[in-house]
Amino acid sequence: MSFYPVAGIDVSKRFCEICILSQHNKIVAQEKIYHDKILINWANALLQKAELIFSSNLVIVAASTSHYHLLLFKLFS
């Protein structure tokens with residue numbers, strides 16, 4: 001069985017929190033960013049960095065909170 005690194009994103013009205021776990025469930029990165037900052041640049045940079053570390057794509061799991069998750073959904077789809 002193969003395991004992939006996972007990025008979990010918790011979406012709320014004012015901010016998003018992301019936690020990236022390795023294949024062995026170790027926390028690689030954990031950050032909180034408010035929506036008034038440039039969310040797209042932050043997410044892209046963090047996820048690209050993680051993909052370089054693991055040499056593979058991440059599995060991304062995000063909460064669908066009201067309409068606040070739609071920006072991230074469009075970004076990652």
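Note that the structure is a prediction, hence the values are computed from the model and not measured. These values consider heavy atoms only, across backbone and side chains, with no hydrogens, waters or symmetry-generated copies.
Take V28 and apply the side chain to side chain contact (heavy atoms under 4.5 Å, CB included) test, not counting sequence neighbours, and it matches I20, S22, I53, F54. The side chain to side chain contact (heavy atoms under 4.5 Å, CB included) search around L52 returns none, not counting sequence neighbours. Under the side chain to side chain contact (heavy atoms under 4.5 Å, CB included) criterion, A63 pairs with D10, T65, sequence neighbours left out. Not counting sequence neighbours, the partners of E31 by the side-chain hydrogen bond (donor to acceptor under 3.5 Å, both in side chains) test are W42.
Note: I18 CD1 to Q30 CD = 10.0 Å, rounded to the nearest 0.5 Å.
Think of L21 as one node in a network of Ile, Leu, Val, Met, Phe, Trp and Tyr side chains linked at under 4.5 Å; its network also takes in I27.
Listed by first then second residue, pairs satisfying ring-ring contact (aromatic ring centres under 6.0 Å, His included) with a partner in residues 7-32 read F15-Y34, not counting sequence neighbours.
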